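Both counts, for ligands and for their atoms, begin at 1 and track the order of listing. Values in this document were obtained by computation on a predicted structure and should not be read as measured data.
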Amino acid sequence: MTAVLQEHLSSYLAKQRWFGGKGRDFSVVHVHSLPWLPSEDVRARIEIATVAYDDGDQDSYQVPLAYLDEPDPALAHAFVGEISHAELGDVVAYDAVHLKSVTAALLAGFRQAEQKTQRQAEEKTQRQADQLTQPTFAVVEGAELPDLSEAGMVSSAEQSNTSVIYGDSAILKLFRRISAGGNPDIEIHDALTRHRSDHVAALLGWIEARWMDVAGEAQAGQLAMLQTFLRTATDGWVLALTSMRDLLIEADLHPDEVGGDFASEAERLGAATADVHLDLAAVFDTATLTADDQRDLASAMVRRLDAAVVAIPQLAEYAEALQTSFDAFATLDQSLRVQRIHGDLHLGQALRTVKGWKLIDFEGEPAKSLAERVTLDSPLRDVAGMLRSLDYAAAVTLHQFGESDQLSYRADEWAQRNRAAFLEGYASVAGDDAPSHDLVLRAYETDKAVYEALYEARNRPTWLAIPVAAIARLAAAAATAAAAAAAEED
Ligand SMILES: Nc1ncnc2c1ncn2[C@@H]1O[C@H](COP(=O)(O)OP(=O)(O)O)[C@@H](O)[C@H]1O
Ligand SMILES: [Mg+2]
């Protein structure tokens, strides 16, 4: 059964939006089964699949599977494969997050953990003994859990993980790619919930487990995060696109003359982002980069630029100017303050609610390793992420409308207006009086645009023009700044 299950899982993973290894050669080489979930209605358990790539890399993925006796046409989209199982007989495996009985069993796990909280001290010893096998449900003190009658529905959002929404009260995110150790999304939500941050959805609980990896080593990590569902939320990316569309539909108005103007939202989003940065700096360690660290950071940016120029020859004409940005950053004689940051901030990670903007998804950049994702960095990396996202919102809409000179001019106006509003909101909370502010921000924005160019060249060549236009603009700004610096030296 193992080999057959591994094969079925390989083909299932390859088709999933959340699978990070698409386009690479891989196979599932090991499956560790956690114990059956407590349910009378269904046989289901979380399987931890180890994926091995041809280049020797490995990843672990979480796939809860339900084993049914008969195929269920209503679950065709969640079909994993048919298996002959020594214990179960001939069964059909489905991705279990799509079964109501399974999402109910997960919620029941949290409910039971909640009841146990009082007795936790005595049970801790017992739990430690069981840890190798049983997943553990943890509930945050004072958390209000959804009612057991609330059915869990898989969210239809485009995701790199899979979320289950319970009624309108809680959302359970199952991390698909899992790592041993703490998950930054849970760690940050936990700390900011305790800190009573206004700009995150409160953490309610999480699931952790131990499993055996392919080498037979025991690993421990976190599998899922339960948090308050923001029922009045609208996605920041959707709001920005709507505003841009409203503008371009009007024959000849400026962004500030259109009903759907986004600037006051962008400004509040900037302020919320700065608030979150202050909260993160208050609850986690902060540091000041040494000159060496700063040079290393700049060298990494230069390496990414060099790689992008090799892959995308049209970037060559900008390389020299961009290099001056990174050089200025490397030799900045003012120490850079670093702290925990979001790490993957864009408009799709911000939700507007009746109680203001909330930031979500603190996992960091999905492609990075766990160690890289918790490394302290400048908050201006997040600011740059949001600036690039505003630029994308303008460019993507322009692309849909067809690019006339007049429309491009107005899309540009929208991007500039909202980028400025975001920065103003950010500065109203964080201040931007450091003389190096613009220089550091330009280096981070350039680094992000270079990353986007590589991504688009590989995945969506028709969108490559978007980051390339930004790179051209950043190169011009770098050249101007370099000329000004040279003039000052004379
Ligand atoms: N607390 C929440 N309340 C309401 N909707 C949410 C909440 N958290 C996430 N979502 C929705 O789920 C989507 C994916 O969430 P996210 O945490 O970004 O997952 P992923 O790690 O898969 O990107 C979001 O874009 C948003 O639409
Ligand atoms: Mg996300």
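The closest side-chain donor-acceptor pair between Q339 and H277, if any, does not fall under 3.5 angstrom. Side chains of W237 and S389: a donor-acceptor N/O pair is absent below 3.5 angstrom, by distance only. For the residue pair E372/S369, the side-chain donor-acceptor check at 3.5 Å is satisfied. D25 and Y53 form no side-chain donor-acceptor contact under 3.5 Å, judged by distance and modelled atom types alone.
Ionic pairing of E445 and K448 is not present here: no N-O contact between side-chain nitrogen and carboxylate oxygen is shorter than 4.0 angstrom.
With a 6.0 Å cutoff to the six-membered ring centre and a 45° limit on the axis angle, R381 does not count as a cation-pi contact of Y444.
Listed as neighbours of ligand 1 are A157, Q159, S160, N161, I171, K173, A201, Q227, T228, F229, L230, D235, G348, Q349, L351, I360, D361, each bearing a heavy atom under 4.0 Å from the ligand.
Looking at F362 and V276, their side chains come closer than 4.5 Å, going by heavy atoms from C-beta outward.
Excluding waters, the set of protein N/O/S atoms under 2.8 Å from the Mg ion (ligand 2) reads Q349 OE1, D361 OD2.
Looking at residues two or more places apart in sequence or on another chain, you find no side chain to side chain donor-acceptor pair (under 3.5 Å) involving Y61. Listed by chain and residue number, R24 satisfy the salt bridge (charged side-chain N to carboxylate O under 4.0 Å, His left out) test with D57 (two or more places apart in sequence, or in another chain).
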